[in-house]
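One structure is given below, encoded as structure tokens.
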Amino acid sequence: MNRPDDRPIRLIALDCETTGLDLAAGNVPIEVGAAFRDDSGNVQWFETRILHEAGSFTWHPEAFKVNHFSLEEISDPRVANPAEIVDADLAVWLDAAGDYRLVPLGWNVGSFDWPFILKWLPITASLFKDRYGNPAHQFADLNSMIFLLDTYGTPPTKSGLQRLAEAQAEKDGMEVRCHSGGFDSYASLIAFEKLGEWVEQ
């Protein structure tokens, strides 16, 4: 029997912008973002768009109202890269996270983002295995944290946490672009840290 993976945990905030909510129906990821806080205390973040051939995916107009993408952008190689290139680039970027047990973090990350990542970014997904090769099965889900903390008082709301993240972004000199993979992953990381502060108070 394998002993527990005793490496320290590094939370990796992940966010996928997609053409809709239903992976099984042919919706695809069109942007991925990731963020983590490094050993020096600085936030490292990643963002890139994912290229898809026109007509090769399904899409929902409501998704594009949220993320402000267009069908033309998704199929434009000047602004996006094929999934296999994005996967390799993100995997290399994650190497900088160090020898930690990587745990995905986000709003509904396990139920929504992770299935898209498993299908479209398999190399990246493989980095979230433990030292024995077992696939990721633990997720730091911010919605679940909010529900849990609500039983112990009145934690910050999702909209309140978003405002805190936007204020922190301005201090960090980061552009606030809600519903972009890069900013939303950064905001998830900040939200987790703010919830931790709330617990300590």
Side-chain angles (χ1 to χ4, degrees), residues 5 9-36 45-50 52 57-69 74 83 86-87 90-91 94 97 100-130 133-152 155-162 164-165 177-196 198-199:
D5 188 340
I9 288 173
R10 171 146 282 161
L11 295 170
I12 307 293
L14 295 169
D15 182 77
C16 289
E17 298 300 321
T18 68
T19 61
L21 303 177
D22 193 345
L23 177 65
N27 294 154
V28 296
I30 53 180
E31 186 174 64
V32 62
F36 68 89
W45 67 282
F46 175 98
E47 177 184 87
T48 192
R49 294 184 178 180
I50 302 173
H52 296 279
F57 55 89
T58 61
W59 59 281
H60 195 286
E62 193 64 31
F64 290 158
K65 288 180 184 177
V66 171
N67 57 41
H68 307 293
F69 277 76
I74 297 166
V86 172
D87 192 18
L90 181 51
L94 277 169
Y100 288 83
R101 181 159 59 97
L102 306 183
V103 174
L105 164 70
W107 299 96
N108 296 319
V109 64
S111 58
F112 179 72
D113 302 273
W114 193 248
F116 282 97
I117 290 168
L118 276 175
K119 178 173 181 177
W120 288 97
L121 307 173
I123 300 171
T124 296
S126 72
L127 299 180
F128 289 81
K129 292 179 179 178
D130 68 17
N134 301 310
H137 65 279
Q138 295 175 321
F139 303 91
D141 184 274
L142 292 167
N143 278 315
S144 296
M145 291 178 66
I146 289 283
F147 295 143
L148 174 65
L149 295 176
D150 192 47
T151 64
Y152 294 98
T157 62
K158 184 173 183 178
S159 60
L161 289 167
Q162 183 70 17
L164 289 170
R177 294 183 299 114
C178 297
H179 299 296
S180 72
F183 178 77
D184 284 359
S185 58
Y186 167 88
S188 292
L189 183 64
I190 299 301
F192 178 85
E193 292 173 351
K194 295 298 183 184
L195 286 170
W198 184 89
V199 169

With a 4.5 Å cut-off on side-chain heavy atoms, are [Y] and [X] touching?
{"X": "Leu105", "Y": "Leu14", "answer": "no"}
{"X": "Arg49", "Y": "Ile30", "answer": "no"}
{"X": "Trp114", "Y": "Phe128", "answer": "yes"}

List the residues meeting side-chain contact (heavy atoms from CB on, under 4.5 Å) with [X], not counting sequence neighbours, and say none if there are none.
{"X": "Ala83", "result": "Ile50, Trp120"}
{"X": "Ile9", "result": "Leu11, Arg101, Val103"}
{"X": "Ile190", "result": "Arg37, Ala165, Gln168, Tyr186, Glu193, Lys194"}
{"X": "Asp87", "result": "Leu121, Pro122, Ile123, Thr124"}

I need the [X] [atom1] to [Y] [atom2] distance, nearest 0.5 Å.
{"X": "Lys158", "Y": "Ile146", "atom1": "NZ", "atom2": "CD1", "value": "9.5 Å"}
{"X": "Phe46", "Y": "Leu90", "atom1": "CZ", "atom2": "CG", "value": "4.5 Å"}
{"X": "Phe183", "Y": "Trp45", "atom1": "CZ", "atom2": "CH2", "value": "10.0 Å"}
{"X": "Leu161", "Y": "Ser188", "atom1": "CG", "atom2": "OG", "value": "10.0 Å"}
{"X": "Asn67", "Y": "Arg177", "atom1": "CG", "atom2": "CZ", "value": "11.5 Å"}

Between [X] and [Y] (side chain of the first, backbone of the second, donor and acceptor by atom type, cut-off under 3.5 Å), is there such a pair?
{"X": "His52", "Y": "Pro29", "result": "yes"}
{"X": "Arg10", "Y": "Tyr100", "result": "no"}
{"X": "Asn143", "Y": "Trp107", "result": "no"}

What pair of heavy atoms forms the shortest contact from [X] to [Y], and how long is it?
{"X": "Cys16", "Y": "Val32", "value": "SG-CG2, 4.2 Å"}
{"X": "Trp198", "Y": "Pro156", "value": "CD1-CD, 3.6 Å"}
{"X": "Gly182", "Y": "Glu47", "value": "N-OE2, 2.6 Å"}
{"X": "Val109", "Y": "Ala140", "value": "CG1-O, 4.0 Å"}
{"X": "Gly33", "Y": "Ser185", "value": "C-OG, 3.5 Å"}
{"X": "Thr48", "Y": "Val86", "value": "CG2-CG1, 3.4 Å"}

Qualifying salt bridge (charged side-chain N to carboxylate O under 4.0 Å, His left out) pairs with a residue from residues 112-129, counting only residues at least two apart or across chains: none

Geometric class of the Phe64/Trp59 ring pair [parallel <30°, tilted 30-60°, perpendicular >60°]: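 Trp59 vs Phe64 ring planes: parallel.
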
Residue pair Leu127, Ile12: steps toward the side-chain contact (heavy atoms from CB on, under 4.5 Å) verdict: CA-CA 11 Å; Leu127 299 180; Ile12 307 293; over 6 Å; no

Sequence neighbours excluded, every pair satisfying side chain to side chain donor-acceptor pair (under 3.5 Å) that has a member inside residues 16-33: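 As it turns out, the side chain to side chain donor-acceptor pair (under 3.5 Å) pairs with a partner in residues 16-33, which skip direct neighbours, are Asn27-Thr58.
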
